[in-house]
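Notes for the one structure printed next.
These numbers come from a predicted model, not from an experiment.
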Amino acid sequence: PRSTSEWSGADTQTTRSRSDPNRGIMADEATRRAVSQIPLLKTHAGPRERALWPQRLKEEYQALIRFVEQNKAADNDWFRLESNPEGTRWTGTCWFVHQLLRYEFRVEFDIPVTYPETAPEVAVPELDGKTAKMFRGGKICLTEHFAPLWARNVPRFGIAHLMALGLAPWLAVEIPDLISKGHVVHKEKQRDVAE
């Protein structure tokens with residue numbers, strides 16, 4: 001198995017936006033350090049492998065708990081997730097703080113039948129149609145940056161890695177841009193306009 005240092009040293013060209021090489025760096029040093037603390041998963045199983053899926057799901061929960069604990073310790077708590085009893089449907093919220101205002105969004109995804117070879121497609125439904133970095137149904141675009149990293153780390157990457165290396169960088173790049181364009185408005189500002 002590849003060591004943590006090998007995958008975290010991913011070619012930075014694959015982690016940058018093609019249009020602006022300095023924008024949206026996904027594997028910066030702080031991210032690498034944080035992700036290196038997330039346990040790597042061992043069980044190579046998806047939902048169809050009924051005998052092994054419970055073990056994989058246990059590893060997923062352990063990695064997620066560790067990631068949340070580490071985020072809280074670093075005062076960087078930014079999401080909540082829960083799954084259905086089978087561990088195949090995940091829902092929750094994520095938030096992003098911009099100019100001291102907290103923007104909160106619903107997040108959801110299903111575990112693909114070809115998991116862990118295929119990463120889940122994370123959706124932020126209320127942002128559907130507001131950015132070009134999104135597919136139909138509010139699924140965020142991770143194909144160019146995250147998908148190659150995931151593919152190199154099967155089966156070691158799991159849901160916690162998806163959040164840390166997929167959703168978090170996407171939010172960091174897209175939310176400030178959407179706010180500056182007026183596509184995302186803070187709830188307090190919406191109330192002020194309504195009154």
Is there a side chain to side chain contact (heavy atoms under 4.5 Å, CB included) between His44 and Val154? Walk through the geometry before answering.
CA-CA 8 Å; His44 194 138; Val154 170; 3.8 Å; yes
Side chain to side chain contact (heavy atoms under 4.5 Å, CB included) assessment of Leu40 paired with Asn153:
CA-CA 9 Å; Leu40 295 175; Asn153 287 284; 5.9 Å; no
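Glu108 CD: more than 12 foreign heavy atoms inside a 6.0 Å radius. Within 6.0 Å of atom NZ in Lys139, 12 or fewer heavy atoms from other residues, nucleotides or ligands are found, so the atom counts as exposed in its surroundings.
For the atom pair Leu149 CG and His161 NE2, the distance stands at 9.5 Å (nearest 0.5 Å). Taking OG1 of Thr143 as the start and CD of Glu121 as the end, the distance is 9.5 Å to the nearest 0.5 Å. To the nearest 0.5 Å, atoms CG (Leu41) and CD1 (Ile159) are separated by 8.5 Å. Atoms CD and CD, from Gln62 and Glu60 in turn, are 10.5 Å apart once rounded to the nearest 0.5 Å. From Ile140, atom CD1 reaches atom CE of Met134 across 7.0 Å, with rounding to the nearest 0.5 Å. Taken to the nearest 0.5 Å, the OG1 atom of Thr88 stands 13.0 Å off from the CZ atom of Arg48.
Between Leu162 and Leu142 the shortest side-chain heavy-atom distance falls below 4.5 Å. Looking at Glu82 and Thr91, their side chains come closer than 4.5 Å, going by heavy atoms from C-beta outward. Side-chain contact between Phe146 and Pro169 is absent, with no heavy atoms from C-beta onward closer than 4.5 Å. Using a 4.5 Å heavy-atom threshold, the side chains of Val124 and Leu167 count as touching. Gln55 has its side chain within reach of Lys58: a pair of non-hydrogen atoms, C-beta onward, lies under 4.5 Å apart.
Here the closest heavy-atom approach between residue Leu57 and residue Glu86 is recorded as CD2-O, 3.7 Å. Scanning both residues, Trp95 and Glu104, for their nearest heavy atoms gives CB-CA, 4.0 Å. Of all heavy-atom pairs between Ile111 and Pro47, the closest is CG2-CG, 3.7 Å. The shortest non-hydrogen separation linking Tyr115 to Gly158 is OH-CA, 3.4 Å. The shortest non-hydrogen separation linking Ala164 to Phe67 is CB-CZ, 3.4 Å. The shortest heavy-atom contact between Pro112 and Thr118 is CG-O, 3.5 Å.
The side-chain contact (heavy atoms from CB on, under 4.5 Å) search around Ala45 returns Thr43, Glu49, Leu52, Arg56, not counting sequence neighbours.
Tested against Tyr103, the residues Leu171, Val184, Val97 include a single side-chain contact (heavy atoms from CB on, under 4.5 Å) partner, Val184. A side-chain contact (heavy atoms from CB on, under 4.5 Å) with Trp170 is found for one member of Val122, Thr131, Leu165 and no other, namely Thr131.
No continuous path of hydrophobic side-chain contacts links Ile65 to Phe157 [ILVMFWY only; heavy atoms under 4.5 Å]. Under a hydrophobic clustering in which Ile, Leu, Val, Met, Phe, Trp and Tyr are joined whenever their side-chain heavy atoms come within less than 4.5 Å, directly or via other members, Phe135 and Val173 fall into different clusters.
Checking side-chain atoms of Trp150 against main-chain N and O of Pro116 turns up a donor-acceptor pair under 3.5 Å. The closest donor-acceptor contact from the side chain of Glu59 to the backbone of Lys42 lies under 3.5 Å.
Taking the centre of each ring, Trp78 and Phe105 stay at or above the 6.0 Å mark.
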